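All remarks here apply to the structure that follows.
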Amino acid sequence: MDLQASLKTAIQQAIQSLYTDPSAAPEPGEVLLQPTKKEFEGTYTYVTFPLTKPLRLSPVEIGQRLGNWLVANSPLVRAFNVVQGFLNISLADIAYIQSLNALIADGVAGAQQPDTEATQANRVMVEFSSPNTNKPLHLGHLRNIFLGDSVSRILAANGYTVTKACLVNDRGIHICKSMLAYQKFGRQPNGTFETPESAGLKGDHLIGKYYVLFDKAYKAEVAELVAGGMAEDEAAKKAPLMLQAQEMLLKWEQGDAETVALWEQLNAWVYAGFAETYRKTGISFDKTYYESQTYLLGKDVVEEGLVKGIFYQKEDKSVWIDLTAEGLDHKLVLRGDGTSVYITQDLGTTDLKFSDFHSNKSLWVVGNEQDYHFKVLFAIMKRLGRPYAEGCYHLSYGMVDLPSGKMKSREGTVVDADDLVDEVAAVAAQAAADAAKGKLDEFSEAEKQDLFRLIGLGALKYYLLKVDPQKRMLFNPAESVDVHGHTGPFIQYVHARIRSIMRKAEEAGLSTSVPADEATATADRPLHETEQEVIVLLGQFAQSVANAGRDYAPSYVAQYVYDLAKAYNRLFADVSILSEPDAAKTQLRLSLSAVVAETIRKGMGLLGIEVPEKM
RNA sequence: GCAUUCGUAGCUCAACUGGAUAGAGCACCUCACUACGGAUGAGGAGGUUUGGGGUUCGAAUCCCUACGAGUGCACCA
């Protein structure tokens, strides 16, 4: 049992001793502890105010009695003080040592090991990325992807079997636009059509180029029509390029061989481009759904809803659902001509996803502009009596803004994902040139490039993940690649620093993972304050991971790992490890350091960030 | 207009979900063991938590309200 849990049990027993009817006392799980504020003496604080009513005692009186009971009865508690309703508890060194030893015995810093049987029963699908195949990935996608990837890892660490899924938006009018532009403008002077090879572009960038070309040419057409006296909205509908794109969509839906062949060719290039971006950023998926294969689904769900009387039909045959009871509106679920709308597809794909993997939970990592859509989707699923409806969750996140304002693809202000990843690696290389001194001398050029990418990605991922997903965030290019302060590279650096000491210790024949001798916890050999602090933090890792899983919040883990790294750096400045004369202290600090390094590695791993041995 | 999310130091973000004198980083100013890895550590300055009410032992957090910002309110996806 970890330190906090043991202490809570002790406090609960103390509380029980104050009750005449012990069964009326709170459960150990209800005992809330908080870290003692710096300006007070103590490690943990228990707030006594809530007990004043049932016990009919003053907060101070309760604190005094609890404190006395704990000092008398719990070997964990060395001393206490009471300030108003706050009982500040000072732990005995033996408590820290036992806590550390428990972590060492666990193999590593206590993120719970998934129990296989439960894991099988806890299946969750996390859908993220969900790109369109008409343009390359950009900064907004990166926030989405890193979030989805990290949440997947965090859920896995909490005992879930996770399926990472991607739903590719590979069809529709916008895809036809880039296809049309390619057909019209893609022919080179030598008569052949442009390819990624001939253009020297990644496939997704090549297609993105044609999507932009379409938009330009289309706008020119609209302007011309308007100049000829047509109203703007009419011109937007009647521009030849738009009509041709619609015609192309119709052909695609009819399975026209030539159109389908073009579509397949262009999409194949885009997928190759995406694959490259995913590879560079360390992202993978277990399952990919293609909208071209799912967009017709959902009509039978609409039929089912009609039969059950959950949906209703208007005179024009369109199908609706009345969600006013849920505080939502009337929502169209099928057009009058029998064709699907966005939500029709999602009704179908949601069923499909659950039947494919028998998940009991499903997450959609999708931007907050679709909050309403998902409220409606989940409400419908509930009305339809889907048993999994309760397990549906929209992990909503805010937009990423630039210092210059919003990203607008039409205005060319989007930050391209590939460019960004290359750039952060370049900046990391520069930082290494400034700071790494001779540490990387024995690295080959390829190893260096890998390291710089690892650090650059560490900076970028950490920068995007440390912020609460719900909030829109500002992307400051200079800060995103910073290696100082509250950043990924700072944490990576602490890891490299510890590993360096570990190597030296091993060369000197010292072990780095033996439990500390409990006998060393004596009054004449007190633990240093920062040692206590680091041990307390280590004990909170598992809870932090659990909370992050509960709230789907990688930012908790990001904050935790930073706090740990920072506390360790303080320890490092305060005490000596290898040059400490007391061998028992050296041993304790080595073991402590090893657990810290491992916890940092694990924690960063949950963010999808690797940590280096040297940097 | 209706719905919804957000508003915390000059800037970017925290605050264990209602607890003490609201914490970090960046930027600015000091300082540090001849550096077990200085991509470091310590300190200073910086706040009426957008304004105003309310709930209670106690509010950045919950409720109401005003203001400001984002997003959604298509038979687009």
Side-chain angles (χ1 to χ4, degrees), chain A residues 32-40 45 47-50 52-53 58-59 83-86 88 132 169 171-175 291 295 314 316-320 327-329 332-337 339-346 367-373 375 396 398-399 401 403 406 428 431-432 434-437 439 455 463 466-468 470-476 478-480 482-487 489-490 492-494 496-501 504-505 540 543-544 547 551 555-556 558-560 562-563 566 569-580 586 589 614-615:
Chain A
L32 294 177
L33 281 181
Q34 51 184 310
T36 303
K37 292 253 172 194
K38 260 193 164 170
E39 56 267 41
F40 299 100
T45 295
V47 181
T48 62
F49 288 111
T52 51
K53 274 181 189 162
S58 79
V83 182
Q84 297 166 44
F86 299 91
N88 301 319
N132 293 345
N169 186 335
R171 49 136 254 132
I173 189 70
H174 50 296
I175 307 300
E291 212 178 285
Y295 79 106
K314 287 193 176 173
D316 66 357
K317 298 288 185 195
S318 61
V319 181
W320 297 72
L328 305 168
D329 290 312
L332 175 91
V333 293
L334 194 70
R335 291 194 189 101
D337 64 4
T339 56
S340 297
V341 291
Y342 180 39
I343 196 136
T344 323
Q345 294 180 40
D346 262 3
N368 63 8
E369 72 271 21
Q370 294 196 33
D371 286 354
Y372 186 78
H373 169 77
K375 274 188 188 167
S396 170
M399 299 290 102
D401 289 329
K406 289 163 72 169
D434 293 343
K437 310 257 165 47
K439 302 202 182 71
I455 295 170
Y463 183 78
K466 74 176 175 183
V467 182
D468 176 3
Q470 191 181 23
K471 295 184 177 170
R472 64 186 296 119
M473 66 174 291
L474 184 78
F475 182 83
N476 181 322
E479 285 177 15
S480 73
D482 200 355
V483 299
H484 304 283
H486 190 179
T487 67
F490 169 82
Q492 290 172 322
Y493 166 75
V494 175
R497 210 181 195 191
I498 298 174
R499 291 299 306 148
S500 168
I501 294 179
K504 283 204 173 132
Q540 289 165 355
Q543 189 59 49
S544 171
N547 289 346
D551 295 346
S555 59
Y556 294 4
Q559 187 69 41
Y560 170 85
Y562 173 68
D563 289 341
K566 196 155 173 46
N569 256 4
R570 245 188 327 264
L571 172 68
F572 193 87
D574 286 349
V575 304
S576 294
I577 299 174
L578 294 176
S579 43
E580 161 65 46
T586 294
R589 288 169 189 163
K614 298 179 181 177
M615 65 186 277

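In what follows, chains are A, B, ... by sequence order, proteins preceding strands, each numbered from 1. Just so it is clear, the model here is predicted, and its values are computed rather than measured.
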Touch check for A:Phe490, heavy atoms < 4.0 angstrom, all strands: base, sugar-phosphate only, or nothing?
sugar-phosphate
Whole angstrom is fine here: how far is it from CG in A:Asp337 over to P in B:C75?
13 Å
Under 5.5 Å between ring centres and under 30° between planes: does that hold for A:Tyr372 against the base of B:A3?
no
Would you kindly give the OH-to-C1' distance between A:Tyr562 and B:C26, to the nearest whole Å?
10 Å
Upstream residue (5' side of RNA chain B) when A:Leu474 and A:Val483 are each assigned their closest nucleotide
A:Leu474
Integer-rounded Å distance: B:A15 P and A:Lys471 NZ:
7 Å
At less than 4.0 Å, is any side-chain N or O atom of A:Lys437 found next to OP1 or OP2 of B:A39? Yes or no.
yes
Please test A:Asp371 against A:Ser396 for side-chain hydrogen bond (donor to acceptor under 3.5 Å, both in side chains), starting from the C-alpha separation and ending with a verdict.
CA-CA 7 Å; A:Asp371 286 354; A:Ser396 170; 2.9 Å; yes
Which is true for A:Pro59 with a 4.0 Å heavy-atom rule: it touches a base, it touches only sugar-phosphate, or it touches nothing?
nothing
Taking for A:Lys53 and for A:Ile501 the nucleotide of RNA chain B with the nearest heavy atom, the one nearer the 5' end belongs to A:Ile501
What nucleic acid atoms does A:Gln84 come within less than 4.0 Å of, heavy atoms only: base, sugar-phosphate, or nothing?
nothing
Assess whether atom NZ of A:Lys317 is packed by more than 12 heavy atoms of other residues, nucleotides or ligands within 6.0 Å.
no
